[in-house]
Amino acid sequence: MKKQILILLIVSVFLTGCWNRRELNELAITMAIGIDKVDDEYLVSAQVVVPSEVSMNAGKGAAPVTLIQEKGKTVYEAIRKMTKSSPRKIYPGHLRTLIVGESLAEEGIGDALDLISRDWEVRSDFYVAVAKDSTAIEILNVQTTLEIIPANRIFNTLKVSEENWAATVGVTLDELMVDLLSDGKEAVLTGIMVTGNKEIGSSKENVATITPSAIIKFDDLAVFKDDKLVGYLTEDESRAYNDIIDHVKSTVGTVSCPEGGTIDIEVLSNKSKLKGKIKNGRPEVDINVQIEGNIGAIECSLNINKPDSIKTLEKLYEKEVENTINHSITSVQEKYETDIFGFGNAIHRSNPKEWKTLKKQWDEHFAKMTANVKVDVKILKTGTVNNSITEKWKD
Amino acid sequence: MGFFYKKKKEQLKSTTPPQSQTKESNDKQTLKTKLQDNIKIVKDTLGNSSDIIIREIQIGKGGVLKAGIMYTDGLSDTNSIQDFILESLMLDIKDAELKVELTPNPKIIEMIKDFAMTTGEIKEVTKFDQLFLSLLSGDVIFLIDGYSEGLIIGNSRWVERGVTESTTQTVIRGPREAFSENIRINTALIRRKIKDPQLWMETKIIGKRTRTNVAVMYIKGIANDKVVKEVHFRLDRIDIDGILESGYIEELIQDAPRSMFPTVYNSERPDVVAAAILEGRVAILIDGTPFVLTVPALFVQFFQSSEDYYQRSQITSLVRILRFFSFGIALLAPALFIAATTFHHEMLPTSLLISLAAQREGVPFPAFIEALIMEITFEILREASLRMPRAIGSAMSIVGAFVVGTAAVEAGLISAAMVIVVSLTAIANFVSPTYDMSMSVRMLRFIFMGLAASFGLFGVTVGLIALVLHLCSLRSFGIPYMYPLAPFNISAQKDTIIRLSIWKMFTRPDLISQQNIDKQQNPTAAKPVPPKPTE
């Protein structure tokens, strides 16, 4: 009797079927999603991989990805509606990039992001970017080389650039959500743009030439106030932003020599500490930046064989960085009045009691607060040659 | 279902007893006094079989004493019958006054045994069952007219295959010899390795009709007495008409008859069996097969090869880890592949997912069916290549490789990734040094594939939990199957997943022998130390 029951149990288990089994060729693997706003409706576009065109023995010369677009009152509705024009259901589990159109960003991104962050199928480790001066569809409509899936190219470009160039910052969805929800820091997204001929960009022609007609490029950072886009930072300001939030891995910095010309510093380590305090009843922050680097290139007559000149060089670079940071902070304070640096969080950490009263009008406090910047530079090595080679002809 | 079994058993019960009763009545008879009566009974019982040679001779001076010699042609050594039995009886004692001196003497048999027989092994016989067993084992029966006693002269000589190289458990380094079909040669092979007087051998005859010799070998004082007792108990319980291979015995004495896992270890290598005996295990040798059983058998034992102890310990440790790893691959690889590609797409790296998706484009079957097709095709190929004549082998492997590999992929029926997974699984399965364990894995693999196809990784995990629970519940002759992993024993880890140097392993596995567990009396002196340089 026991045995019969056991067999029935085992069999009934298999009767349930394979409840959410989906074969790989039933998935529309979506690598990038773009969200625009057109006439009060969301226009959602999904960049879906065409697997047969991506494989090693690739086939018919069709585009490696296809763009599915659909309008809807909500993002969710639009994505479900996509099945009207696609034989496979959108599978966003491997989403690499989310592009927000500029017009939507100006109106506010909060509502649009809700689905994306709520859905369990979506990972939160993809980058979010704002399409600068264009719509998301235009960005997703460009064929690329090196990475034949454009979304991969966007993802990898941002990743590499973020590690090697101080002015870009990759913001993943979870980081963005934290910024949007936090009282003491406003969100920043990287800007992305298409340059060149957008019409050729979507065709095979774009990848057939050495110089593509249209290229996707990351630009300066987009500044948000609450969930609305308020403007873009300049390159120097982006750099300073990364310096302050301690987000620089490696970069190159340029110092002007006293007697004209420049010296490049290859920054190997760039660490910063942000500390908040209340002084005379007013919030203040201390920013300590510690930079270690090598001399990358000398294009001036500084004699680096003398230990003193290394010291001078360090001083010069310290000044340079300090100025950039100070200038950027004032610029953001004056232009946008939005605390993208997270000074509020620093105050929150150091003076939680005072923060409770400060946070209500934080934007105003932020606009008026002072930041004490201190930069400490250490030059470690001078490279494989001594002075600049052009020195020889100058004498 | 149970209803059918019961009915069958009842039927069996009703038919068997009469047969055995008639046989017993014939066997239990004692020998008759008259030679002719005895010869008649032998002839009647054996149905005048043509390979039974019965030779009547007359011995003593003037041929006063009638005697009979019986043996089975082909099982007995005819030359030595000629040289040592017939010659000594008919020529050497032809002048002896047997009649006069010996007729009243009841010990005539002893006289002949002590004076005339120039052979080694000799026994007296009074009963027919003993007579028949010896006769059909190849011994020579010597009967004298007027006496209800006879002699059994050990003279069996079977055409041997000889001691050949092991084919099922090959090693690079280590003895080449393997057991043979003859139990006597097999016991000798073990004796030759262990010359310990404590190495005991107890012989039984199992099988009502085959009357197969079964020997139980162990070292008294090292082997656990309880295990020895249990082995005897289980062997004595066997009631079967024929034993043709050690597999019969294994099935009849194993602990978990319904389990897929072997709880009895078998080997055809004398060094493996000798090592097992030295560790305190009990070996069961069965006449007619080169496969010797050892008990108790542990799970980890099936991942160990005798070569592990002949190679350097570091390499052995690495290889053993590799074996456990391949066990995992052979068990789970197709299941994990199915689970990942049909349920858990988010677990795969993006580029891998796209590459797999590209391969699956145009494949008409779901991943599970695809895997099943490939696995079954492979199992068919494997089974076919085992049984078919060797000459067709190469043709077979070409067809197999071509059909399973290239053609299926090119025709778009199977994705290339699936071929890789299935081949990897197949190869990983062969890493196992024992055939038994790889068979268990073969079967379990399909169960896991089914679980993966219907429940994804949840199914696989539940399956694994069930598997571990099952393995931990098994026992082999009272020893937990998963020992020394569960119950965990730290000192036994020296020779489980890794192997330490031999000078570090100074104890036997304690649960197996349970007494006298010291291998090396002085552990500190065991480590080889090079002489210190003198000044």
Side-chain angles (χ1 to χ4, degrees), chain A residues 1-8 10-32 48-60 64-65 88-89 91-97 119-126 147-149 151-152 155-156, chain B residues 1-6 258 335 337-371 409-410 412 414-418 420-421 446-447 449-460 462-463 466:
Chain A
M1 198 56 195
K2 253 187 197 167
K3 218 188 278 171
Q4 274 103 323
I5 290 171
L6 196 73
I7 288 168
L8 271 177
I10 291 172
V11 169
S12 64
V13 147
F14 284 93
L15 286 176
T16 60
C18 316
W19 89 105
N20 57 3
R21 182 181 69 91
R22 267 188 292 167
E23 293 295 333
L24 285 180
N25 43 9
E26 292 165 5
L27 302 175
I29 302 169
T30 308
M31 303 294 284
V48 171
V49 180
V50 182
S52 56
E53 292 301 325
V54 188
S55 68
M56 293 293 282
N57 37 6
K60 300 148 199 135
V65 290
R88 300 178 182 183
K89 201 183 147 204
Y91 171 69
H94 281 264
L95 197 66
R96 301 325 293 274
T97 324
D119 188 21
W120 56 268
E121 231 177 18
V122 184
R123 293 192 220 178
S124 53
D125 63 345
F126 53 87
E147 292 281 355
I148 58 170
I149 297 167
N152 265 349
F155 183 86
N156 289 336
Chain B
M1 290 259 273
F3 174 72
F4 287 109
Y5 287 121
K6 264 180 208 161
R258 298 234 168 98
F337 185 77
I338 292 169
T341 56
T342 52
F343 287 98
H344 314 284
H345 310 113
E346 62 281 350
M347 282 180 63
L348 298 167
T350 306
S351 46
L352 180 62
L353 179 82
I354 292 171
S355 149
L356 291 176
Q359 291 174 26
R360 271 204 65 82
E361 284 299 313
V363 173
F365 309 110
F368 174 59
I369 302 294
E370 201 187 347
V409 174
E410 273 175 17
I414 305 290
S415 67
M418 188 57 81
I420 295 170
V421 169
F446 287 95
I447 295 173
M449 276 162 62
L451 285 173
S454 32
F455 304 106
L457 280 184
F458 299 105
V460 175
V462 169

Q: Which heavy atom of A:I149 sits nearest a heavy atom of A:V65, and at what distance?
A: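 Smallest heavy-atom distance, with atoms named: CG2-CG1, 3.9 Å.
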Q: With B:S415, which residues qualify under side-chain hydrogen bond (donor to acceptor under 3.5 Å, both in side chains), at least two apart?
A: B:E370
Q: By side-chain hydrogen bond (donor to acceptor under 3.5 Å, both in side chains), which residues pair with B:T350, not counting sequence neighbours?
A: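 With sequence neighbours excluded, B:T350 shows a side-chain hydrogen bond (donor to acceptor under 3.5 Å, both in side chains) to A:H94, given in chain and number order.
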Q: As a quick check of understanding, evaluate side-chain contact (heavy atoms from CB on, under 4.5 Å) for A:R88 and A:N25, giving each step before the final call.
A: CA-CA 8 Å; A:R88 300 178 182 183; A:N25 43 9; 4.2 Å; yes
Q: Quick one: what part of B:T342 sits under 4.5 Å from any heavy atom of chain A, side chain, backbone, both or neither?
A: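 Interface part for B:T342: both.
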Q: At a 4.5 Å cut-off on heavy atoms, which part of A:R123 comes close to chain B: side chain, backbone, both, or neither?
A: side chain
Q: Only pairs of heavy atoms separated by less than 4.5 Å count here; which of B:I338, B:V363, B:T341 has the most with chain A?
A: B:T341
